[in-house]
Amino acid sequence: MKINRNLLLIIGMMLPLLAVAKVASPNGLLTAVTNGTTLTVSYKKKQVIQVADMLTQGASLTFVRKVKDDYQMVAGKRLHCTNEANEYRCGHLLLRMYNDGIAFRYEYTGLQNQKHPEEQEAYIIPEGTRRWMMQWSDGAEGFFPMTTTAEVKTLGGFGGAMEQQTINTHWGYPLLLEVSGERSEVRDDAVYALITEANIERQQSASSLFNKGEAFRVVQDQNDLLLSGDWHTPWRVVIIGRLADIVESTLVTDVSEPTRYEDTSWIKPGVVSWIYWAYNHGSNDFNIIKKYVDMAQTLKLPYVLIDAEWDEMDKVASNEGKTIEDAVRYANSKGVKPLIWYNSSVGWVNGAPGPKFRLNKPEDREKEFAWCKQIGVAGVKIDFFSGDNQMNMDYCQDLLESAARHHLLVNFHGAPIPRGWQRTYPNLLSTEGVYGAEWYNNVPHFTKRAASHNATLPYTRNVVGPMDYTPCAFSDSQHPHITSHGHELALTVLYESALQHLADRPESFLAQPQEVQDFLGQLPTVWDETRFVSGYPGESCVLARRSGKTWYVAGINGTDDERTLAVPLGFVKGKRITLFADGEPWAISQPRKLPKQITCKPRGGFVMVIENLRK
C-alpha cells in the first residue's frame, strides 16, 4: 500500500487541534474534565473545584500548544521564575493547565463599537468547605476569617468589624479554599486552591466575586468603553496544590505581560522609615521628618517616606518657612533617599489630605514627576483610589509608565491588590491592598484580631504580590498591640514587599538591642527563593527566604496560647546562626545547630538568620 505523504502531513498538522475530553498539566498531577458547560479540576485524582458555565454547550477543548517561560524579576518572592503549561481552546475560552494551577481567559475578535462581553462562569464552593474570604472593599482592606459557609455576616474590613445586617455576597481576591474537607497542616494529601486574577491590561477592569449560594460568579467591574477589534479578559487564576504550592507560587506573574522597560538598573528595593504610624500629621513637620531621616541614617536604611500633608509644611510656624524641598535636601545630605506621598484624587478627595489633583492630567503628571526627579525624590506613594473599575486600572498604568520615565519608584495605597503589574511595571515595588498595621491608628478591635490575621496573610493576600502591611512596631500607636517583639520582627521577613516600611517611632527602634538594629539595617526586601516550612492559616506560619547565601527564617504564632512551631530545615546547612526569639522582651542567641522546633509565646514569633550556606 502506498502512503500519501501529503495526507500524513495534513493529519500531523491537525493533531494539535483534535478535541480532548480530559486535559492535564505538564506533570500530569493536575487534570480537568468537561461535562456540559462545567470544567471539573482535580489534583492527584482528588476533585478540587468546579467552574460552572465556563464552556460553550456542546463544544470541546482542543490542544493548542505547550507554553514555557523563563524570566527574571526585579523583586518578589523569587527572582528567577520558570513555568510551563499545556494550552487548550474552546470557542472564546483559552485555558492553561500549569503544574501549580489553572489560568483561563476569554478572547474576542471583530468587536464593533460594543460593550465588553459579560462572563458567566462561577466557581462552585460547596457549603462545609473551609475557606478564608475577604469582604470586598475598594481598598481591599479586610480580614480573612476562616469559615465553612458563604452565609457570613461579620467580616470586618474598611470601617471596622461591625456585624452586617445582611449576609455579604461580594468578595474580593484572593479567596483560599481547603478542599480536602478537614483541617491539616502536616498531611501531604491536604489540597488547597487560591482564586484570584492576573494581568490587567488597557481597556480592562478588574473583577471580583458575587455569590448566590454555592456559586461564586466572576463579575467585571465598571467598564464603559465601547470596544472595537480584538479584546480579551484578564486571566482568571486558580493556584492549586499543597500549602507550600500555594505560598511559593508565582503563577500571578507567570501569566502577566513581561516588562517593556529596557533598563531596570535604577530600580532599587529597600527598607523605609515611615512617619505616619506614630505621627499621623507628622509629614508637615520638618523637625519630625529630620528624626526619621536621622533614624534611617543610623540604622542604615536606604529610604524615608514623607507622607501626606507635606504640601502644608510651610504653613507650620515651627518649620520657620521650611518646605518639602528643604526636607528632601536634608534627607539626601544624610545619604537617605526620600519618597513622597500624593493623593490620587479619584477616590477620597473631599476632606482628604493633600497634595491633590497634581497627577490626574497627563501634562500635570509629567511636570510633577519631573520636579520630583529634579529635587532628588526617589519615588512616590500614591493613595486613595476608587476600586477595580477600568478608569482606575488605566490610571494606575498611566502613573506607572510616567513614573518610570522619570526613574521614580511607586507604591500604591488605598488601591486594589496586585494582579501581576510587578512584572510588567517593575518600578511598582509595593501595594497596600491589605488590612495592615495602619489600623492600630483607626479601630480598637484590630488589637485582638491582629495575630490571627497576621498568620493568615502569608496564605492569602501576600501570595499574589507585594504587600505594604507596614510591619514591625515595638511600641504602641493610638490603639495598643499585644503581639510580642519576636512576632513583630518576624513580620519584616514573613511579608514580602520590595519597599518594606517600618512602622515604629525612632526612639523605639533605637532603644532595641544592637543586634536588632543591625538586623533591620541588613534586611533584604527581595528574595532569590521562598520556601514554606510549616503552619496553618490563622494559627501559625513559618517561611524561609533566601537572599544570596543567607537564609532568613521567620515564624509567628497567631493564637492566644503558647505554641511550639515546627521548623524542619533539611534544605538549609548553616555555619552561623542568630536567633531572635520571644523573651523579656528578647531572647537573642547563636545556637550551634538549627533547632527543629521553636516555642513561641501567645501571639509570639521568631526570626533566624543563617549565614554562609552551601546551596
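Residues: numbered from 1 along the sequence shown. Quick note: numbers below take in every heavy atom, side chains included, and nothing from hydrogens, waters or symmetry partners.
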- Side chains of Ser344 and Tyr395: closer than 4.5 Å at any heavy-atom pair? yes
- Task: Would you please say whether a donor-acceptor pair under 3.5 Å links the side chains of Thr424 and Ser256?
- Result: no
- Sequence neighbours excluded, the answer for salt bridge (charged side-chain N to carboxylate O under 4.0 Å, His left out) partners of Asp307 is Lys381
- Message: Can you list everything that forms a salt bridge (charged side-chain N to carboxylate O under 4.0 Å, His left out) with Glu119? Sequence neighbours excluded, please.
- Response: Arg236
- Query: For residues Asp254 and Tyr71, is any side-chain donor paired with an opposing acceptor at under 3.5 Å?
  - Reply: yes
- Would you say the side chain of Phe580 lies within less than 4.5 Å of the side chain of Val609, judging by non-hydrogen atoms? yes
- Message: Holding to ring pair (Phe, Tyr, Trp, His ring centres under 6.0 Å), I want the full list of residues that pass it with His485, two or more places apart in sequence or in another chain.
- Response: Phe474, Trp586
- Item | salt bridge (charged side-chain N to carboxylate O under 4.0 Å, His left out) against Glu107, all qualifying residues, sequence neighbours excluded | Arg89, Arg105
- Query: Quick one: salt bridge (Lys or Arg N to Asp or Glu O under 4.0 Å) pairs with a partner in residues 66-84, sequence neighbours left out?
  - Reply: Asp69-Arg423
- Query: How are the rings of Trp439 and Tyr435 set relative to one another: parallel (under 30°), tilted (30 to 60°) or perpendicular (over 60°)?
  - Reply: tilted
- Asn454 and Tyr469: side-chain donor and acceptor closer than 3.5 Å? yes
- Task: Determine whether Tyr173 and Val464 make a side-chain contact, defined as any pair of heavy atoms from C-beta on separated by less than 4.5 Å.
- Result: no
- Message: Under the criterion ring-ring contact (aromatic ring centres under 6.0 Å, His included), I'd like the reasoning laid out for Tyr440 against Phe446: C-alpha separation, chi angles, the key distance, then a yes or no.
- Response: CA-CA 6 Å; Tyr440 286 116; Phe446 192 73; 4.8 Å; yes
- Message: side chain to side chain donor-acceptor pair (under 3.5 Å) for Thr483 and Arg603? Distances and angles first, verdict last.
- Response: CA-CA 5 Å; Thr483 49; Arg603 303 171 301 280; over 6 Å; no
- Query: Are Asn392 and Ser386 linked by a side-chain donor-acceptor pair shorter than 3.5 Å?
  - Reply: yes
- Task: Check the side chains of Tyr276 and Glu438 for a donor-acceptor pair under 3.5 angstrom, ignoring hydrogens and angles.
- Result: no
- Gln390 and Asp394: side chain donor to acceptor below 3.5 Å: yes
- Provide the full list of ring pair (Phe, Tyr, Trp, His ring centres under 6.0 Å) pairs with a residue in residues 252-271, sequence neighbours left out, each pair given once. Trp266-His407
